[in-house]
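Throughout, protein chains are lettered first and strands after them, A, B, ... in sequence-line order, and every chain is numbered starting at 1.
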Amino acid sequence: MRLSRYFLPTLRETPKEAEIVSHRLMLRAGLIRQQAAGIYSWLPIGRRVLANIERIVREEQNRAGAIEILMPTIQPADLWRESGRYDDYGKEMLRIKDRHERDMLYGPTNEEMVTEIFRAYVGSYRALPLNLYHIQWKFRDEVRPRFGVMRGREFLMKDAYSFDIDEAAARIAYNKMFVAYLRTFTRMGLTAIPMRAETGPIGGDLSHEFLVLAETGESGVYCHRDLLGMPVPGEDVDYQGDLTPIIAPWTSLYAATEDVHDAERFAREVPEEKRLHTRGIEVGQIFYFGTKYSVPMKAMVAGPDGVERPIHGGSYGIGVSRLVGAIIEASHDDAGIVWPDSVAPFAVGLINLKPGDAPTDAAAEGIYERLTNAGIEVLYDDLDNRAGAKFATLDLIGLPWQVIVGPKGIASGEVEVKRRATGERETLSIDGAVNRLVAGAGG
RNA sequence: CGGAGUGUAGCGCAGCCUGGUAGCGCACCUGCUUCGGGAGCAGGGGGUCGCAGGUUCAAAUCCUGCCACUCCGACCA
């Protein structure tokens with residue numbers, strides 16, 4: 001993509017409403033535009049990052065055996081009356097009427113609707129286990145939206161729903177999502193720690209929140225230091241096999257958010273040198289809720305014995321739009337965002353230091369073409385700007401690799417390749433630079 | 001929802017107290033000179049001063065009401 005033909009509205013000064021670093025950087029780097037409290041438009045760079053995160057989430061959900069569907073944002077109120085949540089949900093639910101004065105709502109979540117779909121088509125234990133997910137915009141009319149996309153009212157969420165014949169089977173479904181979440185966040189360059197969470201009326205131990213560790217996170221976190229280096233399964237993980245040996249090490253060590261923290265237990269279970277007190281951002285939550293929706297909504301299947309019984313359900317959320325902010329909180333420096341390779345809006349930023357200078361143009365255009373042909377996403381700064389402005393903009397938007405092409409280097413056939421995360425620079429021949437990037441930035 | 005605060009050009013702000021031609025920096029447009037870490041000079045465009053009412057010869061400025069947004073707290077992917 002040529003910058004001269006792109007839409008990348010960056011800001012030199014920080015809009016005053018932005019207090020936290022990810023929000024400031026998202027506004028300055030031109031990822032989002034606020035339209036109302038907690039409601040944002042996604043500009044081209046932001047849209048690309050969001051799509052990359054979505055892609056990783058989708059790949060890992062699919063790998064774990066979940067099946068993608070797409071449910072609407074607008075739902076009829078009747079479904080929610082069935083589950084009893086229409087009255088319970090309160091003012092957080094955005095309620096609207098259509099032209100026929102029918103009660104509708106902008107979905108804050110989809111348990112009711114997915115249960116309706118399930119019960120319409122599935123009547124036998126033979127169709128189980130089943131896990132359906134979608135990635136869709138949600139709306140929760142938060143009292144106080146804040147921190148940009150970290151706590152928006154409208155947000156993009158992946159929500160999966162599992163259906164099983166009994167609790168034992170549901171636990172297996174739960175474990176699959178547990179492992180998928182570990183992999184998902186790791187692939188985004190994040191350290192996310194599962195922490196035991198409140199389970200609501202069902203009880204048991206089947207709910208975990210996944211917290212990304214970041215100094216600027218919104219909740220305080222206490223955990224065992226060894227959780228930081230805990231191995232995350234590779235993509236060859238066998239989801240059909242027993243996952244408990246993978247999960248056990250994660251759940252056996254102390255990890256809690258501030259609100260459920262037990263100082264006494266922390267002191268007793270974690271040796272002093274292993275105690276870690278830091279901050280984190282909740283990016284996912286998984287839980288088992290048993291028959292909470294299947295009973296009132298009559299989602300029944302016949303077992304092998306021919307007797308109908310309510311299915312055991314679980315739901316599994318990932319805050320996709322929140323992750324954009326969380327990744328920035330976890331990965332930035334004074335100059336701007338430092339995108340992990342896997343979610344970066346472009347892999348390479350190519351700077352032409354002197355557009356209009358024939359040899360420089362030829363070299364930059366050549367590199368642009370070769371990288372693009374190799375399947376690498378390149379943002380090519382061909383604007384007639386001062387070098388300083390180009391460097392500042394590129395650092396701000398945080399692309400993993402920078403290639404700097406200027407007349408001085410080109411005179412001796414050389415360009416500079418810079419790694420954004422480490423600041424390492426190398427002076428290479430044009431061929432050397434192209435080869436380095438094809439190897440480093442992937443195809 | 002309790003507390004605090006802010007609305008003046010895309011962004012950051014001054015002007016308001018003490019009413020009298022709506023300003024500054026960045027960004028944007030034109031020209032020239034520049035060009036290896038946010039260039040210089042000259043010229044230029046862009047505003048219902050959040051909205052509505054009131055006071056006044058005259059309101060960004062004073063008064064009243066409303067709206068929006070932000071921050072702190074309680075709640076949440």
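Donor-acceptor pairing under 3.5 Å, judged by distance alone, is present between the side chain of A:Asp395 and the base of B:G37. Judged by distance alone with a 3.5 Å cut-off, a donor-acceptor contact links the side chain of A:Arg28 to the base of B:G38. For B:G37, the base has a donor-acceptor partner in the side chain of A:Arg425 [N/O atoms by modelled type, under 3.5 angstrom].
Among the protein residues, A:Val283 comes within range of the sugar-phosphate backbone only, with heavy atoms under 4.0 Å from sugar or phosphate atoms but none that close to a base. Residue contacts for A:Lys158: at a heavy-atom cut-off of 4.0 Å it reaches no nucleic acid atom on any strand shown. Counting non-hydrogen atoms under 4.0 angstrom, A:Glu282 reaches the backbone sugars and phosphates but no base. Looking at heavy-atom distances under 4.0 Å, A:Glu209 makes no contact with the nucleic acid at all. Across all strands shown, A:Gly152 has heavy atoms under 4.0 Å from base atoms, whether or not it also approaches the sugar-phosphate. Within 4.0 Å of A:Thr109, counting heavy atoms only, lies no atom of the nucleic acid at all. Contacts of A:Pro9 with the nucleic acid, taken as non-hydrogen atoms under 4.0 Å apart, are absent. Within 4.0 Å (heavy atoms only), A:Gly406 reaches at least one base atom of the nucleic acid.
Below 30°, between 30° and 60°, or above 60°: for A:Tyr222 and A:His277 the angle between ring planes is below 30°, a parallel geometry.
Using a 3.5 Å distance cut-off with no hydrogens or angles, the side chains of A:Tyr254 and A:His261 do pair a donor with an acceptor. No donor-acceptor contact under 3.5 angstrom links the side chains of A:Asp381 and A:Tyr6, judged on distance only. In this model, no donor atom of one side chain and acceptor atom of the other lie less than 3.5 Å apart for A:Asn131 and A:Gln61. For the residue pair A:Glu414/A:Thr427, the side-chain donor-acceptor check at 3.5 Å is not satisfied. A donor-acceptor pair shorter than 3.5 Å can be found between the side chains of A:Gln285 and A:Ser207.
Taking the C1' atom of each, B:A74 and B:A22 are spaced 43 Å apart, rounded to whole Å. Distance noted for atom P between B:G5 and B:A52: 26 Å (whole Å). Look at the C1' atom in both B:G19 and B:A42: the space between them is 37 Å, to the nearest Å. Taking atom C1' in both B:C69 and B:C32, one finds a spacing of 44 Å when rounded to whole Å. Comparing the C1' positions of B:C28 and B:G46 gives a spacing of 9 Å, expressed to the nearest Å. Comparing the same atom, P, in B:G31 and in B:G36 gives a spacing of 22 Å after rounding to whole Å. Comparing B:C66 with B:C1, their P atoms sit 14 Å apart, to the nearest whole Å. Using atom P as the reference point in both B:C62 and B:C17, the two lie 5 Å apart (nearest Å).
Taking the six-membered ring for Trp and the full ring otherwise, A:Phe178 and A:Phe210 have centroids separated by under 6.0 Å. If you look at A:Tyr380 and A:Tyr368, their ring centroids are closer than 6.0 Å.
Within the shown strands, nothing qualifies as a pairing partner of B:C17 under the Watson-Crick or G-U definition with both distances less than 3.5 Å. Of the nucleotides present, none pairs with B:G47 by Watson-Crick or G-U wobble criteria with both distances under 3.5 Å. Nucleotide B:A22: unpaired (no Watson-Crick or G-U wobble partner with both distances less than 3.5 Å). In this entry B:C69 has B:G5 as its Watson-Crick or G-U wobble partner, both defining distances falling under 3.5 Å. Figure legend. B:U64 is base-paired to B:A52; pairs are counted as Watson-Crick or G-U wobble with both atom distances under 3.5 Å. In a base pair of the Watson-Crick type (N1 to N3 plus N6-O4 or O6-N4) or a G-U wobble (N1-O2 and O6-N3), with each distance short of 3.5 Å, B:A39 is matched with B:U33.
OP1 or OP2 of B:C69 has not a single side-chain nitrogen or oxygen of A:Gln35 nearer than 4.0 Å. Contact annotation: A:Lys91 side-chain N/O to B:C1 OP1/OP2 distance is under 4.0 Å.
For the pair A:Leu43 CG and B:G10 P, the interatomic distance rounds to 16 Å; values are reported in whole Å. Rounded to an integer number of Å, the gap from A:Gln34 CD to B:A68 P is 13 Å. Here B:G5 presents its P atom at 16 Å from CD of A:Glu19, a figure rounded to the nearest Å. Distance, A:Phe289 CZ to B:A77 P: 14 Å, rounded to whole Å. Counting to the nearest Å, the C1' atom of B:C75 and the CD atom of A:Gln285 are 14 Å from each other. Whole-Å rounding puts the A:Met150 CE to B:U70 P distance at 15 Å. What separates CZ of A:Arg153 from P of B:U70 is a distance of 9 Å, to the nearest Å. A:Leu11 places its CG atom 10 Å from the C1' atom of B:C26, with the value rounded to the nearest Å.
Distances from the side chain of A:Asp384 to the nucleotides B:G10, B:C1, B:U34 place B:U34 closest. Taking only side-chain atoms of A:Arg146, from C-beta outward, the nucleotide of B:A77, B:C35, B:G73 with the closest atom is B:G73. The nucleotide whose nearest atom lies closest to any side-chain atom of A:Lys418 is, among B:A77, B:C35, B:G37, B:G37. Set against B:G36, B:A74, B:C11, the side chain of A:Arg144 has B:A74 as its closest nucleotide. Looking at the side chain of A:Arg322, the nearest of the listed nucleotides B:A77, B:G12, B:G36 is B:A77.
Across A:Pro233 and A:Val179, no two heavy atoms sit closer than the pair CG-CG1, 3.6 Å.
Atom OG1 of A:Thr115 is separated from atom CD of A:Glu111 by 7.0 Å, given to the nearest 0.5 angstrom.
Two residues, A:Leu353 and A:Ala36, neighbour RNA chain B, and the one matched to the more 5' nucleotide by heavy-atom proximity is A:Leu353. Residues A:Arg140 and A:Ile404 both approach RNA chain B. Their nearest nucleotides, taken by heavy-atom distance, put A:Ile404 toward the 5′ side.
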Open item on the list: For a quick check, with a 4.0 angstrom heavy-atom cut-off, what is the B/S/- contact string for nucleotides 39-52 of chain B, read 5' to 3'?
Closed with: B-------------

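Under a 4.0 Å N-O distance rule, the pair A:Glu218/A:Arg146 does not qualify as a salt bridge.
By the 5.5 angstrom centroid cut-off and the 30-degree plane limit, A:Phe391 is classified as not stacked against the base of B:G38.
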